[in-house]
Visitor: 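Attaching a single structure in structure tokens format; questions to follow.
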Amino acid sequence: MAPHDLRRPFKRPAISDQQRRRDLSLLRQKQNRLDAQRRARCLASSVLSFQSEPKPPSQEQSHFELELELEIEPDAEEHQGPATTYDVRQASKLRGTEARRWFAKQLMLPEWMIDVPPNLNTDWYVFARPAGKRCFVVSSNGTTVSRLRNGILLHRFPSALPNGARINNVSRSSQSYCILDCIFHEPDQTYYVIDMVCWAGFSLYECTAEFRFFWLNSKLVEVGVCDTPSTFHKYRFATVPVYNCDQEGLQTAYIGPVPYIKDGLLFYNKHAHYETGNTPLALVWKDENCSEYVIDTDSKGQVPNQQQLVLELQDDGRLATSDDPSVIFGWLNEDFIQKTGLHAGNLLRFAVNDGGLSFVDGKLEKADLQYLGQSNRARAFADSYSKVMFQYIVRHSPLKIEHLFASIGPLGDGDIASHDVEMAA
Amino acid sequence: MAMEVTQVLLNAQSVDSTVRKHAEESLRQFQEQNLSVFLLSLSGELAGEDKPVDSRKLAGLILKNALDAKEQHRKYELVQRWLALDMGVKTQIKACLLQTLSSPVHDAHSTASQVIAKVAAIELPQKQWPELIGSLLSNIHQVPAHVKQATLETLGYLCEEVSPDVVDQDQVNKILTAVVQGMNANEVNNDVRLAATRALYNALGFSHANFSNDMERDYIMRVVCEATLCPDVKIRQAAFECLVSIASTYYEKLAPYIQEIFNITAKAVREDEEPVALQAIELWSSICDEEIDILEEYGGDFTADSDVPCYYFIKQALPALVPMLLETLLKQEEDQDLDEGAWNLAMAGGTCLGLVARTVGDDIVPLVMPFIEENITKPDWRQREAATYAFGSILEGPSPDKLTSIVNVALNFMLTALTNDPNSHVKDTTAWTLGRIFEFLHGSTVETPIITPANCQQIVTVLLQSMNDAPNVAEKACGALYFLVQGYEDIGSTSPITPFFQEIVKSLLHVTDREDAGESRLRTAAYETLNEVVRCSTDETASMVLQLVPIIMTKLHQTLEAEKLSSDGREKQNELQGLLCGCLQVITQKLGASEPAKYAFMQFADQIMNLFLRVFACRSATVHEEAMLAIGAVAHATGPDFAKYMPELYKYLEMGLQNFEEYQVCAVTVGVVGDICRALDDKVLPYCDGIMTQLLKDLSSNQLHRSVKPPIFSCFGDIALAIGENFEKYLMYAMPMLQSAAELSAHTSGADDEMIEYTNLLRNGILEAYSGIFQGFKNSPKTQLLIPYAPHILQFLDSIYMEKDMDDVVMKTAIGVLGDLADTLGSNAGSLIQQSLSCKDFLNECLSSDDHLIKESAEWAKMAITRAISV
């Protein structure tokens with residue numbers, strides 16, 4: 001029959017810190033459970049969409065009363081070729097060689113410009129390539145991961161990209177991941193975004209470069225990725241100024257000031273989709289004025305006396321470039337292969353001897369190569385034909401900036417192709 | 001045996017422990033051999049006027065303990081045991097009890113009245129002992145005052161023990177009539193009048209009908225108000241206790257009496273003895289509580305559906321109420337800050353003033369400011385302290401607009417007073433007031449910042465200095481620092497605290513090492529502040545947080561090395577271990593949330609886990625809970641590598657899951673099992689047999705606190721998601737349990753708010769279990785094992801949708817389950833879903849929800865269903 005205790009809390013906070021610890025733990029557990037659930041659902045749905053891809057369900061088959069509109073998810077996999085059985089979120093869980101192999105195949109790799117493509121001024125963009133490490137930046141499940149061209153993890157960090165950081169109150173579908181093609185520029189610790197492959201779950205693989213660049217510039221600004229770094233946004237992202245490859249654009253890209261160290265020029269065909277692997281629809285070109293790395297250096301940073309190249313040893317002893325189809329530079333005989341313990345798939349380093357490379361009708365006919373040994377283990381693939389050729393001509397008769405300007409023609413005027421009159425009548 | 005019972009009962013109270021233990025053993029044996037005879041002889045002893053008072057009293061106590069227990073499960077057993085007793089035996093016992101009420105021996109009739117109430121609490125709900133109340137009421141008219149007193153006491157206990165709905169209104173009327181008559185000024189015997197007043201306190205809960213009747217209510221109120229003027233202080237106090245209870249139970253009926261209530265409370269506060277004056281203040285605090293609740297619920301608007309309107313009693317009383325409360329502030333006791341149990345007029349008055357400020361907001365400021373201005377610089381410490389306390393009390397409630405300019409002026413004064421005031425009591429209140437300023441007027445939501453780059457340094461310096469002051473002052477300074485750093489919780493990447501971080505941490509650690517840190521809760525306050533400093537830190541100071549890890553670990557290690565301790569020493573040790581585990585948990589959770597810091601933190605993981613495992617060897621629920629919480633944070637940070645700790649940790653998980661009594665430990669352990677599942681994925685498999693067995697046992701136990709059951713179901717989901725199709729072997733146990741829980745929680749009709757809330761927690765747990773199971777089996781060849789359960793699950797979703805009382809959380813989980821079911825079962829589920837009664841409506845409702853989490857789940861479900869029915 002005792003009446004309630006009169007005493008009320010006196011000079012004390014109403015909530016105990018212990019209760020706060022409990023509550024915050026529960027909150028974390030709840031969030032983790034939600035994440036796990038989402039992960040489960042997204043993995044499940046992406047596998048499903050991959051399997052059902054060949055026969056998309058038709059509306060007629062559906063007797064469901066809800067009259068739901070079938071939503072086909074933007075799905076990265078569909079466009080990644082048959083070799084790929086993971087989507088990017090699954091792949092981000094891969095470790096070691098598996099991860100490297102997968103990522104190595106995902107980037108669009110520009111060929112080296114060994115001759116000037118036609119319609120450069122109308123069909124192409126040009127921009128100054130930032131010096132640094134080319135990488136894929138993937139945001140998903142509340143974290144952002146960057147991987148180098150060989151698949152090695154560069155950074156794992158929070159970012160303002162959609163789903164790129166675990167921020168309270170902001171929950172997005174894990175479907176909304178992003179994949180950016182970037183160059184990490186060490187001096188200012190910035191990711192320069194040179195292309196966009198996936199944005200908030202929306203795939204840009206099948207989009208033209210023209211659209212991708214437009215999308216890239218508007219979306220990055222929208223989410224504040226280019227803002228100064230903060231707790232939930234560890235690295236700065238920046239866009240690269242892209243120009244139409246006319247006289248003025250080329251001039252600006254070549255000598256215009258940029259906040260980063262230049263490493264050559266990149267040329268992108270406006271109409272080209274994002275294609276993984278080597279593509280002639282994106283090209284890289286360098287000279288001493290716009291790059292410190294025109295001629296390949298060895299591991300000590302010295303330019304070797306002889307040009308070096310890396311080729312892949314095939315089953316039959318042939319030495320191939322990384323192109324598809326590959327270009328064959330020569331053979332190794334079986335004795336040599338056995339003696340050295342090499343096997344198919346090894347990447348081998350060669351020097352170009354004085355005999356050089358001989359061409360007939362623009363095709364490689366003979367290469368005077370000297371075996372140096374196996375290549376660095378970090379290499380994921382052999383050199384491309386265009387790279388070998390670019391390095392070769394740089395040493396002998398380089399393609400100069402004047403040649404590029406010349407192919408564009410005088411300011412404001414088109415090249416030969418532009419003289420074709422469209423028959424409108 | 002019956003012959004000896006008197007002696008055994010006396011022996012059981014002997015100072016000689018051998019004699020006492022022997023007697024206790026005999027009693028235990030007696031009870032086990034023949035309960036009926038045992039209870040009969042006890043009631044006979046209690047009733048025996050020739051027996052010694054000590055044996056009678058103990059006999060009554062043992063009887064009482066044979067009828068009721070605190071622990072729910074035990075209580076249930078005792079009730080069943082009593083109900084199973086032979087009717088004749090029970091009748092005899094009850095007769096003895098009623099007879100004892102007439103005993104002139106106070107201890108005998110007073111004990112009997114409590115036992116009667118316990119029996120009534122068991123029997124009345126069973127419609128047994130119908131004559132009890134009638135026979136009690138007939139006692140009222142007996143002449144001896146002690147019989148009347150005992151009877152009124154019995155009625156009071158009875159009202160306390162028995163639920164109002166088992167007593168007829170007719171009987172309630174008779175009880176109230178008897179009680180109020182006993183309280184009346186005509187009653188000459190003060191013992192009777194006091195017993196009646198105390199009985200009314202308990203009977204108020206029975207009086208809803210009577211309080212709705214104007215005449216009856218007027219009568220009760222008149223008698224209660226008169227009793228507050230009785231010459232006997234105990235009766236005045238008891239009458240005020242009744243008024244306090246009336247103010248909260250019948251707030252909406254107070255209007256006609258509020259003026260008189262104010263008059264009598266004002267008189268009591270100013271003139272009466274302290275126990276009475278405290279009740280008078282409490283009455284106004286209770287009215288504040290009511291109005292704060294009402295205003296919070298309705299946001300200050302009158303709406304048509306609001307059950308209880310706000311009568312703004314406090315606002316109306318304000319001009320008289322505030323001066324009355326301010327007067328009390330000057331009646332401090334010299335050392336009240338050093339006495340944990342202190343509660344006096346000044347403390348109660350200040351607390352009430354704080355509640356008034358929360359109730360009326362801005363209006364209080366002009367009424368209090370003159371008092372503050374007049375007193376804050378006076379030479380008498382009482383005046384300075386009262387002014388400061390008044391200021392601190394009104395900081396919650398009024399708008400920042402109203403307070404900011406005042407606080408800007410006051411802040412410097414406070415900082416100076418905290419450094420220079422010669423009186424420790426003033427400094428204590430000053431530091432507390434600074435804490436209140438930071439709590440309510442500093443932070444990201446406050447528009448005009450009180451703390452600027454210009455004064456931040458000074459504030460930190462003064463607070464850190466004060467940490468060397470007397471323990472009670474230092475404790476308040478820690479509290480102020482707690483709220484200072486909390487204000488920078490979501491500051492972004494750069495915190496104004498960063499430049500002082502190292503110094504703050506150093507000072508707090510220094511405080512924890514003070515010889516006198518055990519006084520005034522100082523050590524606890526210092527660790528809690530350290531926790532908040534860590535929580536609110538930014539990446540800039542991550543390396544310094546990391547440096548704390550080895551320091552706290554060393555301290556924890558030292559507590560584990562301590563030699564044999566006294567029981568008091570052990571208790572203090574446990575408290576310290578709890579604080580240290582708590583601190584490590586906060587640090588782990590902080591560092592675990594950022595990738596680079598997490599990797600740096602992992603170097604300590606082995607040592608930390610080793611320490612926690614040693615902590616489990618100590619027997620203290622709080623420490624276990626803290627260590628368990630911390631382990632959850634480590635598991636989250638460690639990921640799959642956590643597997644290496646499992647062999648050693650497992651037994652403690654099992655222990656935690658078996659801890660029914662300290663259910664918080666059990667609940668926390670269930671949460672940590674979830675963390676571990678997510679960290680280990682299928683590597684948790686070897687431990688699942690044991691864990692699942694324990695969880696299933698927990699669910700079947702009626703000893704375990706019900707709040708732990710929903711998280712256990714969610715934990716099923718965590719396990720299933722982690723081990724996938726390996727969950728197969730648990731399906732036959734888990735599914736029926738989920739199914740019966742689902743049936744129980746499908747309908748809530750007639751339940752109160754609390755029950756509906758619990759039901760929704762339960763539903764959410766069940767649904768999370770289903771989600772985890774479906775997703776776990778996804779893409780397994782064994783999905784067909786789940787098909788037989790699908791119809792029931794869909795039916796469950798149907799029924800909770802139809803019930804229309806699920807909350808947003810359940811809605812999100814439920815629509816997710818629909819998607820999971822479709823996703824995992826594919827075409828097998830298609831036709832079932834199409835047959836479902838309400839899936840379509842449910843999905844459409846969720847798709848158009850404003851809650852983005854519901855919408856997200858619904859969109860996902862829509863996609864999964866479309867696939868399922870189109871294959």
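So you know, we letter chains A, B, ... as the sequences are listed, proteins then strands, and number each from 1. Computed from heavy atoms alone, side chains included, the values below leave out hydrogens, waters and symmetry copies.
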Visitor: Determine, step by step, whether R21(A) and Q589(B) satisfy the side-chain contact (heavy atoms from CB on, under 4.5 Å) criterion, reporting the C-alpha distance in whole Å, the side-chain angles of both residues, the deciding distance to 0.1 Å, and the verdict.
Guide: CA-CA 10 Å; R21(A) 287 198 290 279; Q589(B) 191 149 327; over 6 Å; no
Visitor: Among residues at least two apart in sequence or on other chains, which ones pass salt bridge (charged side-chain N to carboxylate O under 4.0 Å, His left out) with K476(B)?
Guide: D428(B)
Visitor: Please flag which part of A342(B) lies under 4.5 Å from any non-hydrogen atom of chain A: side chain, backbone, both or neither.
Guide: backbone
Visitor: For each of H155(A), R33(A), H233(A), tally heavy-atom pairs with chain B at distances under 4.5 Å, and name the one with the top tally.
Guide: R33(A)
Visitor: Which atoms form the tightest heavy-atom contact between S493(B) and P229(A), and what is the distance?
Guide: OG-O, 4.0 Å
Visitor: I want to check something: taking the side chain as every heavy atom from C-beta on, are K234(A) and P596(B) in contact at a cut-off of under 4.5 Å?
Guide: yes
Visitor: Quick check for you: to the nearest 0.5 Å, what is the distance between Q29(A) atom CD and L629(B) atom CG?
Guide: 7.5 Å
Visitor: One thing to verify: whether R28(A) and D675(B) come together as a salt bridge, which I'm taking to mean a side-chain N less than 4.0 angstrom from a carboxylate O.
Guide: yes
Visitor: Answer with side chain, backbone, both or neither: which region of Y599(B) has an atom nearer than 4.5 Å to a non-hydrogen atom of chain A?
Guide: side chain
Visitor: Contact part of Q336(B) toward chain A, heavy-atom cut-off under 4.5 Å: side chain, backbone, both or neither?
Guide: side chain
Visitor: Does some side-chain heavy atom of R8(A) sit less than 4.5 Å from a side-chain heavy atom of E282(B)?
Guide: yes
Visitor: Rounded to the nearest 0.5 Å, what's the gap from CD on E475(B) to NZ on K11(A)? Could you check?
Guide: 9.5 Å
Visitor: Look only at the side chain of E595(B) and the backbone of F157(A), and say whether a donor-acceptor pair between them is shorter than 3.5 Å.
Guide: no
Visitor: Report yes if the side chains of V586(B) and L24(A) come closer than 4.5 Å at any heavy-atom pair, otherwise no.
Guide: no
Visitor: Is it the backbone or the side chain of T429(B) that comes under 4.5 Å from a heavy atom of chain A, or both, or neither?
Guide: both
Visitor: If I measure from the heavy atoms of chain A, does F774(B) come under 4.5 Å with its side chain, its backbone, both, or neither?
Guide: neither
Visitor: Does one side chain, of S25(A) or Q585(B), offer a donor that lies under 3.5 Å from an acceptor on the other?
Guide: yes
Visitor: For T494(B), which atoms come within 4.5 Å of any heavy atom of chain A: side chain, backbone, both, or neither?
Guide: neither
Visitor: Between S771(B) and chain A, which part of the residue has a heavy atom less than 4.5 Å away: side chain, backbone, both or neither?
Guide: side chain
Visitor: Check each atom of L355(B) against the heavy atoms of chain A and say whether the ones under 4.5 Å are side chain, backbone, both or neither.
Guide: side chain
Visitor: With a 4.5 Å cut-off on heavy-atom pairs, point out which of A348(B), S714(B), A593(B) contacts chain A the most.
Guide: S714(B)
Visitor: Mind ranking R535(B), R436(B), E532(B) by heavy-atom pairs under 4.5 Å with chain A and telling me who comes out on top?
Guide: R535(B)
Visitor: If you round to the nearest 0.5 Å, how far is CZ of F10(A) from OH of Y389(B)?
Guide: 4.0 Å
Visitor: Supply the atom-to-atom distance D17(A) CG to T529(B) OG1, rounded to the nearest 0.5 angstrom.
Guide: 8.0 Å
Visitor: Name the region of E626(B), side chain, backbone, both or neither, that has any atom closer than 4.5 Å to a heavy atom of chain A.
Guide: side chain
Visitor: Counting only non-hydrogen atoms closer than 4.5 Å, does S831(B) touch chain A with its backbone (N, CA, C, O), its side chain (CB onward), both, or neither?
Guide: neither
Visitor: Could E625(B) and R22(A) be called an ion pair, given the rule that one side-chain N must be under 4.0 Å from one carboxylate O?
Guide: yes
Visitor: Taking only residues two or more places apart in sequence or in another chain, which ones pass ring-ring contact (aromatic ring centres under 6.0 Å, His included) with Y527(B)?
Guide: none
Visitor: Does R20(A) pair with E528(B) as a salt bridge, N-O distance under 4.0 Å?
Guide: no
Visitor: Taking C-beta and beyond as the side chain, do K812(B) and L34(A) meet within less than 4.5 Å on heavy atoms?
Guide: yes
Visitor: Quick check on D289(B) against chain A: is it the side chain, the backbone, both or neither that has a heavy atom closer than 4.5 Å?
Guide: side chain
Visitor: Using a 4.5 angstrom heavy-atom cutoff, name the option from S285(B), S857(B), S594(B), A864(B) with the most pairs to chain A.
Guide: S285(B)
